[in-house]
Protein chains: 2
Amino acid sequence: MTTAAPVPSSRDLPHPARGEIRLEGVLHALSDPVRMRIVRELAAAGVALSCSQFDVPVTKSTSTHHFRVLRENGVIRQVYEGTAKMNVLRRDDLDELFPGLLDSLLAAAAHQADRRNET
Amino acid sequence: MTTAAPVPSSRDLPHPARGEIRLEGVLHALSDPVRMRIVRELAAAGVALSCSQFDVPVTKSTSTHHFRVLRENGVIRQVYEGTAKMNVLRRDDLDELFPGLLDSLLAAAAHQADRRNET
DNA sequence: GCCGTACTACGATGCCTATCGTACGACCCG
DNA sequence: CGGGTCGTACGATAGGCATCGTAGTACGGC
């Protein structure tokens, strides 16, 4: 019935269902510094951000790759809005599957970043 | 009551200092199912275990590789005791660096294992 | 001194992945 | 329609890594 809804622009992207998200996959996704940085920016923002709004030290095609890894491992959700691809953390799904994990990871990342900036 | 000094048998193994442990490294180490399994067994045991006491589905040489990855990334500490190589979790260091992270990770792994065993 | 056990070292293999550049497709705006 | 922006697809490359088998070293016990 193609209700009005958001109409996210025809092209949809494959996401794992909540139950398909695997811990190893999440950890692997976050074990790359670039991807961890993306997730941290996303968590700090609290709202959806387009891919181009992130400050990552790689080219656009590499960036695309990292966003895909995050999506395929269930860490983020991506939706097209016009030419922009909007990204949000799958916080609800992750919190339900692994209570407290995401916050611990973000805190650990922040903690480590702090230690580096001091000294 | 033997002498207080452990006398860990001449050969020592290189470990990262607490401050050298990196979050990415820890996550990478735990993103492999075999290594996560080792860490879970170690956490459940609460005492030092020799390499051969673990129930992992790989050959011994592969097992050696996984233990080394865990050690080099600061997740476990390894000490020779005779021919046996004893392993312990570096819980104190990890808790100090990343408060709550290890417990969240272990809980998440347990949670996921539970979900798999049910159904 | 010799043997068995515990673990390692090394080399091979096949796969995965982070990176890039270039060429292309989708979409909005004027 | 045409141009510009956003992101993708594809191929190439180089490095990492999980796995194994075999051969070898360290150590304790007999």
Side-chain angles (χ1 to χ4, degrees), chain A residues 6-15 22 24-39 41-42 48-73 75-88, chain B residues 2-3 6-15 22 24-39 41-42 48-73 75-88:
Chain A
V7 182
S9 155
S10 55
R11 35 182 184 166
D12 271 3
L13 296 159
H15 290 79
R22 308 252 7 173
E24 312 90 85
V26 173
L27 297 185
H28 168 247
L30 295 181
S31 69
D32 182 285
V34 174
R35 291 193 290 260
M36 177 57 95
R37 182 164 176 169
I38 289 172
V39 169
E41 288 190 31
L42 213 42
L49 295 176
S50 71
C51 292
S52 57
Q53 291 182 275
F54 292 82
D55 179 31
V56 290
V58 292
T59 65
K60 263 203 303 187
S61 54
T62 302
S63 172
T64 294
H65 161 69
H66 285 308
F67 278 106
R68 181 172 47 214
V69 171
L70 287 170
R71 185 188 73 239
E72 290 178 345
N73 284 290
V75 180
I76 67 174
R77 197 173 282 281
Q78 296 191 292
V79 173
Y80 275 107
E81 265 175 39
T83 70
K85 200 183 202 171
M86 305 306 291
N87 304 274
V88 286
Chain B
T2 56
T3 56
V7 183
S9 154
S10 57
R11 35 182 184 165
D12 273 2
L13 296 159
H15 289 79
R22 308 246 37 200
E24 310 89 85
V26 173
L27 297 186
H28 168 247
L30 295 181
S31 69
D32 182 284
V34 174
R35 291 194 291 262
M36 176 59 95
R37 182 164 176 170
I38 289 172
V39 169
E41 288 190 29
L42 214 41
L49 295 177
S50 70
C51 292
S52 57
Q53 291 183 275
F54 291 82
D55 179 31
V56 290
V58 292
T59 66
K60 263 208 294 194
S61 56
T62 302
S63 172
T64 294
H65 161 69
H66 285 307
F67 278 106
R68 182 172 47 215
V69 171
L70 287 170
R71 171 170 47 83
E72 290 177 345
N73 284 289
V75 179
I76 67 173
R77 196 174 282 282
Q78 296 191 291
V79 173
Y80 275 107
E81 264 175 40
T83 70
K85 199 182 203 174
M86 304 307 290
N87 305 273
V88 286

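In what follows, every chain begins at residue 1, and chains take the letters A, B, ... in the order their sequences are listed.
Remark: A:H66 is in phosphate contact with C:dT19, judged by side-chain N or O atoms under 4.0 Å from OP1 or OP2. A close approach under 4.0 Å does occur between a side-chain nitrogen or oxygen of B:T62 and OP1 or OP2 of D:dC20. Here A:T83 does not reach the OP1 or OP2 of C:dA26: none of its side-chain N or O atoms lies under 4.0 Å away. Put simply, A:R68 has no side-chain N or O that comes within less than 4.0 Å of OP1 or OP2 on D:dG7. For the pair B:S61 and C:dA9, the criterion of a side-chain N or O lying under 4.0 Å from OP1 or OP2 is not met.
A:Q78 is listed as a side-chain neighbour of A:C51, based on a closest heavy-atom distance under 4.5 Å. Contact check for B:L27 versus A:M36: side-chain heavy atoms found under the 4.5 Å cut-off.
Protein atom NZ of A:K60 is 16 Å distant from nucleotide atom P of C:dG25, rounded to whole Å. Between the C1' atom of C:dC7 and the CD1 atom of B:I76 lies a distance of 13 Å, rounded to the nearest Å. Rounded to whole Å, atom C1' of D:dT19 lies 11 Å from atom CG of B:D32. One interatomic measurement links the two molecules: NE2 of B:H28 to C1' of D:dG16, which rounds to 8 Å at whole-angstrom precision. In this structure, CG of A:L13 is placed 13 Å from C1' of D:dC6, rounded to the nearest angstrom. Between B:R37 atom CZ and D:dA18 atom P there is a gap of 17 Å when expressed in whole angstrom units. Atom pair A:E81:CD and D:dG7:P shows a separation of 11 Å (rounding to whole Å applied). The separation between B:N87 atom CG and C:dA6 atom C1' is 12 Å, rounded to whole Å.
Put simply, the side chain of B:N73 never gets that close to the backbone of B:V26: no donor and acceptor are under 3.5 Å apart.
The CD atom of B:E24 sits 10.5 Å away from atom CG of A:L30, with the distance rounded to the nearest 0.5 Å.
A:S52 comes within 4.0 angstrom of sugar-phosphate atoms only, judged by non-hydrogen atoms across all strands, and of no base. Contacts of A:S63 with the nucleic acid, taken as non-hydrogen atoms under 4.0 Å apart, are absent.
A side-chain contact (heavy atoms from CB on, under 4.5 Å) with B:V75 is found for one member of B:I38, B:N87, B:V39 and no other, namely B:V39.
Ranking C:dA18, D:dG7, C:dC7 by closeness to the B:A84 side chain, first place goes to C:dC7. Of the candidates C:dA18, D:dG7, C:dC7, C:dA18 carries the atom nearest the A:R35 side chain, counting heavy atoms from C-beta on. Which of C:dT17, D:dG7, C:dC20 sits closest to the side chain of A:T59 comes down to C:dC20.
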